[in-house]
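Counting from 1, the numbers follow the sequence of the chain as shown.
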Amino acid sequence: MSVQEQAAAKVIDDIHVWESGGASSAEALTAWVSARLAAHEAALAALLAVEGPRTPANTLALYDVVVEQLNLAGSQSGILNSVAASSAVRDQAQLEAQRIAMAASALSLNREVYDALAAMDLTGASPATKHYVERTLLGYRLAGVDRDKETREKLQALHQKATMTALEFSRNIQEGGKTIEATTDELEGLPADYIARHPANAEGKVTITTDPPDMQPVMTFAASPALRERMFVAYNTRAFPANKDLLLQLLAIRREIATTLGFRSWADLATADQMMESAANVRTFLTKLNDASREGAIREHEMILDFVRQHQPGIQEIDTTSRGYWYEQFRRSRYHFDSQSVRPYFPYAQVEQGVLDTASRLFKIEFRRATAQGWDPAVSVFDVIEGGTQVGRFYLDMHPREGKDKWFSAAPVVTGVKGRYMPEAALICNFPQPTADDPGLMQYSDVVTFFHEFGHLMHAILGGQTEWAGLSGFATEGDFIEVPSQMLEEFFRDEKLIQSFGKHYQTGETLPAATIQKMKSAGAFGRADWVRTQLYYTTLSLDLHDEDPAAIDLDQKTRSLYTSLLPWTWNDQNRMYASFGHLTGYSSNYYTYAFDKVIALDFFAQFDPADLLGCDAGAKYRKTVLEQGGSRPGRTMVRDFLGRDEDFSAFANWINEEFESSPTLTTA
């Protein structure tokens, strides 16, 4: 067996950190990561020791082992940083993430590796292999590998500093949860099961957390403006003031990296290898978003304000803490739809099964509950079966726990490589926890979120059958990655699909078609405001990374952008930038959500509305998009599926759907 084959063969086993005790022991976690990094170093040494002509077989294969071991260590350390029950393990996972990031930074600036990859003869190589090499070499150049040794060392130090700062920023958000107190009277308007889960103490006070299952109902249903404001302020100051200085530090480090590489700003550097290509192109897209949503948003706001004046004559403006509440009240009146009324049809267990059944039918695969171990007893494990053969595995960690990250996300667990590693991925969410006395009723928006995140999961599994780890699963351009998730969430608009699992948890009654139509009409109202909100977040993330951080006043910047784009009165205690977690991952590129929504809606328009799960578009979408992973450029995948570039018309129609019919407005 050659040195290369030995390096590749020794890393197949021991691929789950929790099976080595790493979920409960900081020492075991460190030992497992060290083993992965040792395998990484062994493959790297074998790569550099190759003699003779460079080929994909003797060079790229070893480079891919180098990458897959970093991916394995990084993904599972990241998961434990988000979910481990022990704070000591979470602390160690953060340290391990720093260690892994340092190894990745060193690899990205390793001139010998770059030269070896650049020297390969790609004659006869597959298109996927050529794409992998081209994208990898571009990444090396964008990292600064072609600069002198002093510059490379400077860049490596800056990247390490940025990683440590970003990890601390994220950790502060994760562990910055707060609580507020409320009187029982202030719970008026909240669902009965919510009130039952929040009993008053001896002093008659109720404690409510900023975790999403607690926070979202307050902002949507609580009749008390004072309670909504307390929740809003607590939620939007979770990591303040600690993260204010950290964010400014991170922005400064990123700008120094960009200018060292000859870029005008971090935003230009961060988009250079994306579908969007430049910050200027992002701004052109934002102009289109602005134009497409402005009139609809004005109309929505006028309708809401007129409605509120029926209840509060003379009111001139609506504050940001009341937006969600008045949207809910308006929908009840205009569309005769109370979002609480459908919650009994969406107990967590039924929704989970409904999502699984939908994906199974759409992608022609089977999900079987497995007995495999997860990182916590609360984690459910499922095997993905196709044609009687297991092709993947996923983990569902779906409910809040102490110390667990409080958001909703998908994460790779094991990067799939054909004939080598089976793809594994996870959902880390915070939906209501079912108990013997509480079925964990979900809001309409919760169900949409579940579909969204499951779209990421299917991308990781079905796109995890590629020949290279560096092309597997999520490994697309960063601004294509939200397409599969946003595409799948559109399926929840189908009446037959909703009725397949939307059944009353007490009576078994199927959610009536008339109620679904009201729900869809009510759900369509507010889309222009959603786009404006995305425009706000997107512009903020872009501006923070496109301007000189030394001249940025975070409070002034967030307020001025908000007031220029949204009609709801600003709350002076809002420090949302301190808990804007996407600033660490997407950095300047939060535009991804809106950009990918345009693509996803165009994709969804290709499906037959009379047979969403059975039409030919499903098989074509799976083959040309999901199964490709990152084997083709995002632009190519769009053209392969649509036969053209994406069109803005489906997005424009989606925004304006709310105005197609005009139910008579009644006074509640």
Side-chain angles (χ1 to χ4, degrees), residues 180-192 194-195 206 208 215-236 293-342 443-445 518-519 521-533 535-536 559-574 576 655-668:
I180 62 171
E181 285 193 336
T183 65
T184 54
D185 289 343
E186 287 181 312
L187 300 186
E188 179 188 350
L190 285 158
Y194 184 98
I195 294 173
V206 175
I208 306 175
M215 178 274 295
Q216 290 175 343
V218 167
M219 301 309 297
T220 306
F221 303 122
S224 168
L227 177 60
R228 294 197 304 266
E229 181 171 20
R230 291 203 302 280
M231 176 59 77
F232 178 89
V233 172
Y235 184 77
N236 285 286
S293 62
R294 185 191 302 109
E295 290 186 10
I298 291 172
R299 187 174 175 184
E300 285 175 10
H301 181 252
E302 289 175 347
M303 293 165 72
I304 294 285
L305 189 56
D306 287 344
F307 173 75
V308 175
R309 283 173 177 154
Q310 297 177 26
H311 301 265
Q312 300 178 10
I315 191 170
Q316 297 300 310
E317 56 189 21
I318 303 171
D319 68 86
T320 189
T321 68
S322 297
R323 176 207 172 276
Y325 175 78
W326 284 117
Y327 260 102
E328 171 66 19
Q329 299 305 309
F330 178 86
R331 287 171 174 137
R332 291 182 186 183
S333 177
R334 183 177 180 84
Y335 302 100
H336 308 288
F337 175 72
D338 177 351
S339 63
Q340 290 191 36
S341 69
V342 298
Q443 292 181 219
Y444 168 80
S445 59
K518 292 177 183 177
M519 180 175 73
S521 297
F525 182 80
R527 285 178 180 165
D529 188 72
W530 177 87
V531 174
R532 303 298 286 183
T533 302
L535 187 58
Y536 166 58
R559 175 172 182 158
S560 64
L561 281 177
Y562 184 95
T563 55
S564 69
L565 294 169
L566 294 164
W568 320 102
T569 305
W570 173 260
N571 184 296
D572 282 333
Q573 298 181 76
N574 188 352
M576 58 77 61
I655 293 176
N656 294 312
E657 183 181 320
E658 62 187 282
F659 301 120
E660 289 181 358
S661 60
S662 300
T664 301
L665 182 63
T666 57
T667 303

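One finds the CD atom of Gln310 at 11.0 Å from the CG atom of Leu305 (value rounded to the nearest 0.5 Å). In this structure, CD in Glu188 is found 11.0 Å from CG in Leu227, a value given to the nearest 0.5 Å. One finds the CD1 atom of Ile655 at 12.0 Å from the CZ atom of Arg294 (value rounded to the nearest 0.5 Å). In this structure, Lys518 NZ and Tyr335 OH are separated by 13.5 Å, a value rounded to the nearest 0.5 Å. Interatomic distance, CD of Glu657 versus CZ of Phe525, reported as 13.5 Å (0.5 Å rounding). To the nearest 0.5 Å, atom CH2 of residue Trp530 and atom CG of residue Leu535 are 11.0 Å apart.
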Before you tell me yes or no, could you show the steps for Val218 and Phe232 under side-chain contact (heavy atoms from CB on, under 4.5 Å), namely the whole-Å CA-CA distance, both residues' side-chain angles and the distance that decides it to 0.1 Å? CA-CA 9 Å; Val218 167; Phe232 178 89; over 6 Å; no

Determine, step by step, whether Val233 and Asn571 satisfy the side-chain contact (heavy atoms from CB on, under 4.5 Å) criterion, reporting the C-alpha distance in whole Å, the side-chain angles of both residues, the deciding distance to 0.1 Å, and the verdict. CA-CA 8 Å; Val233 172; Asn571 184 296; 4.1 Å; yes

Apply side-chain contact (heavy atoms from CB on, under 4.5 Å) to Thr184 and Val206, showing your working. CA-CA 7 Å; Thr184 54; Val206 175; 4.2 Å; yes

Tell me, with the steps shown, if Phe307 and Ser333 meet side-chain contact (heavy atoms from CB on, under 4.5 Å). CA-CA 9 Å; Phe307 173 75; Ser333 177; 3.5 Å; yes

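By the 4.0 Å N-to-carboxylate-O rule, Asp338 lies too far from Arg331 to be salt-bridged with it. Salt-bridge formation is not detected for the pair Arg228/Glu186: no Lys NZ or Arg NE/NH1/NH2 atom is positioned less than 4.0 Å from an Asp or Glu carboxylate oxygen. Between Arg309 and Asp306 a salt bridge is recorded (basic side-chain N to carboxylate O distance below 4.0 Å). Between Glu328 and Arg332 there is a salt bridge, since at least one side-chain N of the basic residue sits less than 4.0 Å from a carboxylate O of the acidic one.
Residues Ile208 and Leu187 form a side-chain contact, since some pair of their non-hydrogen atoms from C-beta on lies under 4.5 Å apart. Side-chain atoms of Asp319 and Trp326, non-hydrogen and from C-beta on, never get closer than 4.5 Å to each other. Within the 4.5 Å cutoff, the side chain of Ser339 has no heavy atoms near those of the Tyr444 side chain. When side chains are defined from C-beta on, Met215 counts as touching Met219, because their heavy atoms get closer than 4.5 Å. Contact of the Glu181 side chain with the Arg230 side chain is not registered, since no non-hydrogen atoms from C-beta on lie closer than 4.5 Å. Arg559 has its side chain within reach of Asp572: a pair of non-hydrogen atoms, C-beta onward, lies under 4.5 Å apart.
No side-chain donor-acceptor contact under 3.5 Å links Arg323 to the backbone of Ile318. A donor-acceptor contact shorter than 3.5 Å links the side chain of Ser564 to the backbone of Leu561. A donor-acceptor pair under 3.5 Å links the side-chain atoms of Glu300 to the main chain of Asp529, judged by distance alone. No donor-acceptor distance shorter than 3.5 angstrom exists from the side chain of Glu317 to the backbone of Ile315, with no hydrogens or angles considered.
Aromatic rings from Tyr325 and Phe221 are positioned such that their centres are separated by 6.0 Å or more.
Looking at Gln443, Gln340, Gln329 one by one, the single match for side-chain contact (heavy atoms from CB on, under 4.5 Å) with Thr220 turns out to be Gln443.
Minimum interatomic distance between Leu190 and Pro217 (heavy atoms only, all atoms of both residues): CD2-O, 3.3 Å. Of all non-hydrogen atoms in Ala297 and Ala528, the two that sit nearest each other are N-CB, 3.4 Å. Closest heavy-atom contact between Pro225 and Ala223: CD-O, 3.1 Å.
Partners of Trp568 by ring pair (Phe, Tyr, Trp, His ring centres under 6.0 Å), not counting sequence neighbours, listed by chain and number: His301, Tyr327.
Using the six-membered ring where Trp is involved, Tyr562 and Tyr536 have ring planes that are perpendicular, over 60° apart on the 30 and 60° scheme.
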